[in-house]
Number of protein chains: 2
Amino acid sequence: MKSPTRNRRAEILDAAAALFAARGFHGVSIEDIGAAVGVSGPALYRHFSGKEALLTEMLLGISERLREQGARLATTADPDTAEAALDALLAGHIEFALRHPALIRVQERELDNVPEQARRAIRRLQRLYAEEWVAVLAELHPDCPQARLRAAAHAVFGLLNSTPHSAGELSPEAMAGLLHTMARAALCRIG
Amino acid sequence: MKSPTRNRRAEILDAAAALFAARGFHGVSIEDIGAAVGVSGPALYRHFSGKEALLTEMLLGISERLREQGARLATTADPDTAEAALDALLAGHIEFALRHPALIRVQERELDNVPEQARRAIRRLQRLYAEEWVAVLAELHPDCPQARLRAAAHAVFGLLNSTPHSAGELSPEAMAGLLHTMARAALCRIG
DNA sequence: GGAGTCAGTTAACGATGACTAACATTCGAG
DNA sequence: CTCGAATGTTAGTCATCGTTAACTGACTCC
């Protein structure tokens, strides 16, 4: 069978994401992760070469997914209407953040625990994603310097990624609407 | 001498904050912290009862400081003009975040590593601080349900606390102005 | 000038945790 | 039926780390 392997790997990544989000990379042991998927301890080494490799694959996956999504959404439909592109980027990011709060948290917190080389790759993907946003924002605010646009984009990421902190008082739909409205308003005033 | 003691404690707290912000609580050893202030290893036990106690005191200090600042700023001057109170809260939070990015980072990331009892105290202080914001927002948006206001407040915290991520491309003044403008705009549209 | 406290040192202990080794089981392919 | 790959297991190693113990010098106070 080939699929069990794939499933086991994904299972481990999911469980590890939840644990890392809750207690941090160094606060979770290999044994903990194994226990979370019903095997114990060193069985994980059949699927990953080590704890760092696990985190690395996780962060690369997230960054790659966001970048791909960003590249796809930023260039849809009317290239004229940067407004529509911005809305698409917002909706995409919000849906991801609401659907995978643990991944958002890990991506925000654990980048330093990944080995140097992979860290550079991850940062590159994150930069490419941010640049999609900056490109769209530059169309909306042609006179605004790039540095300011970058800072604004990161600020909006902070706003959108606040999801894990304020968990579950609002329905996901209401939360999505609120975040979209707030982010939209924040980005209109930066010129 | 009494002041050397005080200074040493503060020195240790500062160094630990920087290290925790950079590598996370579990990623920093007692020896690391000692080395950062020029003493080595277990000397810290002359000033703190342990590693957790150090973190606890740090987080309690931050939360208490923000809560005090919030209580002071939210009730200044005209009780009529909620606008002014909101501006004061924004300015205060932004100044703190820009002046102490490491503390913001630690407060965001390390709450789970503090023992249960102290954690409750810290959360209580954070809740009180957030409620100052919600009270002001409620005056501006009388028809908006509390849950939505709370979520909006946390989202704005996320925006303002994005400072550590987008470090130093803009001058502190420009950054402060940008964050203030964006947060203001985001909070106008939530009704 | 001795007594006591403050703030530091080095050495050791005990626990934890990442990782490895050696062995077991399942199961499909030839 | 058997071989071998895939996927586990348990036991053990080695490093790291929080914490304690025992000891030392400096400074204050009677």
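Predicted model only: the values in this text are computed from it and were never measured. Lettering follows sequence order; numbering is per chain, from 1.
Between A:E31 atom CD and D:dT10 atom P there is a gap of 9 Å when expressed in whole angstrom units. Rounded to an integer number of Å, the gap from A:Y45 OH to C:dA21 P is 12 Å. Rounded to an integer number of Å, the gap from B:K51 NZ to C:dA15 C1' is 14 Å. Residue A:R9 contributes atom CZ, which lies 14 Å from atom C1' of D:dT7 at whole-angstrom precision. Atom P of nucleotide C:dC6 and atom CG of B:L44 are separated by 17 Å, given to the nearest angstrom. As rounded to whole Å, 16 Å separates atom C1' of C:dG14 from atom CD1 of B:I30. One interatomic measurement links the two molecules: CD1 of A:I33 to P of C:dA18, which rounds to 8 Å at whole-angstrom precision. Distance B:F48 CZ to C:dG8 P: 12 Å, rounded to the nearest Å.
Nearest-nucleotide positions on DNA chain D place A:R46 closer to the 5' end than the other of A:R46 and A:P42. Place B:A43 and A:S29 on DNA chain C by their nearest nucleotides, and B:A43 ends up nearer the 5' end.
The side chain of B:V39 sits closest to C:dG8 out of D:dT19, C:dC19, C:dG8.
When heavy atoms are screened at a 4.0 angstrom cut-off, B:V28 is found touching the sugar-phosphate backbone but no base atom. Within the 4.0 angstrom heavy-atom criterion, no nucleotide atom of any strand lies near A:G41.
Residues B:E68 and B:R65 are not paired through a salt bridge, judged by the lack of any N-O separation under 4.0 Å between the basic side chain and the carboxylate. Taking the charged nitrogens against the carboxylate oxygens, A:R184 and A:E83 do have a contact shorter than 4.0 Å, which makes a salt bridge.
Of the inter-residue distances, the one linking A:E108 atom CD with B:R109 atom CZ reads 8.0 Å to the nearest 0.5 angstrom. To the nearest 0.5 Å, atoms CZ (A:F96) and CG (A:L160) are separated by 12.5 Å.
Between A:H26 and D:dT16 there is no side-chain polar atom (N or O) within less than 4.0 angstrom of OP1 or OP2.
A donor-acceptor pair shorter than 3.5 Å can be found between the side chains of A:E173 and A:S171.
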